[in-house]
Amino acid sequence: MNTNPARGMRDFLPEDVRRRQYVIGVIADVYQRYGFEPLETPAVENIETLLGKYGEEGDRLIFKILKRGEGAEAGQADLALRYDLTVPLARVVAEHRARLPKFFKRYQVQPVWRADRPQKGRFREFYQCDVDAIGSRAMVVEAELLSAAGDVLSRLGFASYTLRLNHRGVLSGLLEAAGVPAGLHGDALVALDKLDKVGPEGVAAELRQRGVPDAGAGMLLEFFSSVAAAQHTAAADPAAFNRAVLDRLETLLAGTRSEAMGELRDIVRLLVPGGAGAHVRLDPSLARGLSYYTGAIFEIAVPDLAGSLGGGGRYDNLIGMFLGSEVPACGISLGLERILVVMGERGMFPDNLAKAPADVMVTQWSVDGVPDALRLAAELRSEGLRVEVYPEADKLGRQLKYASSRAIPFVTVVGDEEAATGMVTVKNLGTGEQQRVPRAGVGGVLRRG
RNA sequence: GUGAGUGUAGCUCAGUGGUAGAGCUCCGGAUUGUGGAUCCGGCUGUCGCGGGUUCGAUCCCCGUCACUCACCCCA
């Protein structure tokens with residue numbers, strides 16, 4: 001019998017869960033400080049809710065659920081596991097609009113499923129940590145979201161991370177200015193997005209292969225390469241770097257796409273100095289695959305990690321696909337698994353996460369003493385201590401060995417002598433010291449230890 | 001969907017065309033009211049699965065499955 005979890009799925013043992021809960025706790029705390037409220041939605045959605053929202057590639061990766069009963073044999077699917085948290089949010093907003101505030105700000109930490117081929121930091125079941133703000137077109141939303149995501153990373157101990165920022169409208173304008181036919185915009189973006197991975201020559205080759213005219217491709221590449229080269233000097237004065245990129249974009253676009261340019265300028269202007277704003281970099285080559293983005297787009301990068309730690313953007317049309325009328329929206333998703341992978345590699349978890357599962361272990365002396373041992377455990381628990389009871393009467397040495405192997409700092413021993421005098425022996429497994437104390441004083445000794 | 005690598009004890013891994021070993025873990029003992037260190041002893045394998053070549057395959061060949069990594073795409 002093969003006992004592996006299903007492909008791309010994982011079991012989380014206690015240490016894993018403690019780490020996950022720690023990170024999720026930080027994320028929830030930061031998001032709540034920005035006024036976001038929690039939301040949860042079902043793992044399963046009606047399949048038509050999901051199809052057509054993620055682009056062709058995305059649709060292929062949706063885990064579909066076959067019809068039950070009569071429809072089962074036809075092999076048709078009517079349900080699917082959710083692919084992200086954004087589309088379910090859009091459905092929720094459309095469904096419950098009357099009960100939600102005018103500006104609905106929610107965060108959501110739940111697993112999503114993708115029928116991808118697993119890889120490093122990539123799984124078929126993984127948690128996303130989304131924050132989204134619904135109902136406003138103001139760029140305050142973008143600025144606050146970037147700031148919140150940056151706060152999360154800082155609180156977790158990330159020092160050098162980049163919040164890449166771009167705008168779908170500006171990208172389209174650039175492609176137009178370069179003379180790329182509208183039908184090839186998608187292909188061109190896919191190729192340009194790989195600039196940091198395959199370099200200018202690689203991108204040029206791919207552009208040619210995808211049928212983009214050489215003249216336009218050359219112009220785009222030259223621009224992107226010079227911006228990329230300047231990134232290395234951007235750390236000293238990020239604001240100046242971003243303004244310089246904006247000015248160059250302005251020149252290239254020659255007055256077109258003024259609305260998109262205005263939005264980018266607003267975001268950069270609104271970033272609070274000293275906070276996450278110092279990590280925001282305008283990056284005209286950032287594209288992002290999901291088809292529902294309409295305005296600003298973000299991606300979170302850290303050094304030495306292929307792929308991103310998270311991403312997001314503005315999607316003003318998605319909710320309208322469910323509701324009929326348009327509702328503006330913008331959000332960011334953090335990838336919990338990738339954060340955990342990087343934090344694990346860099347030893348970024350606090351020491352106390354590895355802490356023992358209990359403060360004290362109550363040993364067993366004899367079968368006759370079991371009821372009294374359980375009573376002692378109950379007394380200590382009522383004092384707020386975490387108490388593990390060794391489940392069997394066994395050699396004392398074996399019980400101590402077990403407590404020691406579990407890193408439990410204290411054990412109590414009640415043998416015949418203690419029982420006769422109403423005393424309890426408390427042993428500190430760290431120092432080896434032990435003392436015999438009156439039963440009522442055990443809790444005090446343990447807390448002091 | 002494409003490509004590469006790896007599948008041997010609970011874990012990490014050696015190894016050989018004549019059906020297997022180490023370290024760690026685990027269990028027992030030295031020490032039946034005292035753990036971590038040390039010493040002694042012990043358990044565990046359809047060598048991923050199916051087929052082929054061979055007198056004989058864990059080893060060579062083919063297929064298959066799983067895992068890992070990379071591409072694609074993405075968090």
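Quick note on labels: first sequence line is chain A, next is B, and so on, each numbered from 1. Hydrogens, waters and symmetry mates play no part in the numbers below; they use all other heavy atoms, side chains included. On a predicted model such as this, the values are computed, not experimentally measured, just so you know.
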> Over how many whole Å does the gap from A:W113 atom CH2 to B:A75 atom P extend?
Replying inline: 16 Å
> Less than 3.5 Å between a donor and an acceptor, one on the side chain of A:R60 and one on the base of B:C72, is that the case here?
Replying inline: no
> Between B:C11 and B:U25, how far is it from one C1' atom to the other, in whole Å?
Replying inline: 7 Å
> Are A:D84 and A:Y292 linked by a side-chain donor-acceptor pair shorter than 3.5 Å?
Replying inline: yes
> What residues form a ring pair (Phe, Tyr, Trp, His ring centres under 6.0 Å) with A:H279, not counting sequence neighbours?
Replying inline: A:Y161
> Short question: side chain of A:N428, backbone of A:E433 - any donor-acceptor pair under 3.5 Å?
Replying inline: no
> Between B:G48 and B:A9, how far is it from one C1' atom to the other, in whole Å?
Replying inline: 15 Å
> Can you tell me how far P in B:G36 sits from the matching atom in B:C24, rounded to whole Å?
Replying inline: 15 Å
>> If I take atom CG in residue A:L309 and atom P in nucleotide B:C74, what distance separates them, rounded to the nearest angstrom?
In response: 17 Å
> Using a heavy-atom distance cut-off of less than 4.0 Å, which residues of residues 119-127 of chain A contact RNA chain B?
Replying inline: A:Q119, A:K120, A:G121, A:R122, A:F123, A:F126
> Is the backbone N or O of A:L13 less than 3.5 Å from a side-chain atom of A:D16, with the two atoms forming a donor-acceptor pair by type?
Replying inline: yes
>> Quick one about A:Y34 and A:D151 (side-chain donor to acceptor, distance below 3.5 Å, no hydrogens or angles considered), yes or no?
In response: yes
> B:U6 and B:U16: how far apart are their P atoms, nearest whole angstrom?
Replying inline: 15 Å
>> Under a 4.0 Å threshold between the charged nitrogen and the carboxylate oxygen, would A:R314 count as salt-bridged to A:E263?
In response: no
> In whole angstroms, how far is the C1' atom of B:C73 from the NZ atom of A:K53?
Replying inline: 20 Å
>> Applying a 4.0 Å non-hydrogen cut-off, can you work out what A:I300 is touching in the nucleic acid: base, sugar-phosphate, or nothing?
In response: nothing
> Whole-Å distance between B:C74 C1' and A:I62 CD1?
Replying inline: 14 Å
> Under 3.5 Å, is there a donor-acceptor pair between the A:R106 and A:Q108 side chains?
Replying inline: yes
>> Using whole Å, what does the distance between atom P of nucleotide B:C74 and atom CG of A:D116 come to?
In response: 10 Å
>> Distance alone, cut at 3.5 Å: any donor-acceptor contact between the side chains of A:Y107 and A:D130?
In response: no
> Do A:E299 and A:R288 sit within salt-bridge range, that is, some charged N less than 4.0 Å from a carboxylate O?
Replying inline: yes
> Short question: side chain of A:S225, backbone of A:L221 - any donor-acceptor pair under 3.5 Å?
Replying inline: yes
> Between B:C62 and B:A4, how far is it from one P atom to the other, in whole Å?
Replying inline: 12 Å
>> Closest approach to the side chain of A:R117, judged atom by atom: which nucleotide of B:A75, B:C72, B:U68 is it?
In response: B:U68
> Where each pair must be Watson-Crick or G-U wobble with both distances under 3.5 Å, what dot-bracket representation of RNA chain B is obtained, with crossing pairs in [ ] and other-strand partners as |?
Replying inline: (((((((..((((....[..)))).(((((.......))))).....(((((..]....))))))))))))....
> What integer number of Å spans the P atoms of B:A57 and B:C67?
Replying inline: 30 Å
> Given atom OH of A:Y54 and atom P of B:C72, what is their separation to the nearest angstrom?
Replying inline: 23 Å
Please write out each protein N/O paired with an N/O of nucleotides 39-44 of chain B under 3.5 Å, distance rounded to 0.1 Å.
none

>> Do A:F298 and A:R164 make a side-chain contact, defined as non-hydrogen atoms from C-beta onward lying under 4.5 Å apart?
In response: no
> Which residue, A:Q128 or A:E206, contacts RNA chain B at a nucleotide closer to its 5' end, judged by nearest heavy atom?
Replying inline: A:E206
> Any salt bridge between A:E57 and A:R60, counting N to O under 4.0 Å?
Replying inline: yes
>> Strictly below 4.0 Å, N to O, side chains only: are A:D372 and A:R439 in salt-bridge contact?
In response: yes
> Toward the 5' end of RNA chain B, which comes first, A:G8 or A:G311, by nearest nucleotide?
Replying inline: A:G8
>> In whole Å, measure the gap between the C1' atoms of B:U58 and B:G45 for me.
In response: 11 Å
>> Within the 4.0 Å limit for protein heavy atoms, which parts of nucleotides 29-35 of chain B are touched? Write it as a string from 5' to 3', B for base, S for sugar-phosphate only, - for none.
In response: S---BBB
> Who passes side-chain contact (heavy atoms from CB on, under 4.5 Å) against A:D416, sequence neighbours left out?
Replying inline: A:W365
> Between B:G1 atom C1' and A:R114 atom CZ, what is the distance in whole Å?
Replying inline: 18 Å
> Taking the same atom, P, in B:C13 and in B:C69, what whole-Å distance lies between them?
Replying inline: 14 Å
>> Output the rounded distance in Å from CZ (A:F63) to C1' (B:C74).
In response: 14 Å
> Is the closest side-chain donor-acceptor distance between A:T425 and A:E418 under 3.5 Å?
Replying inline: yes
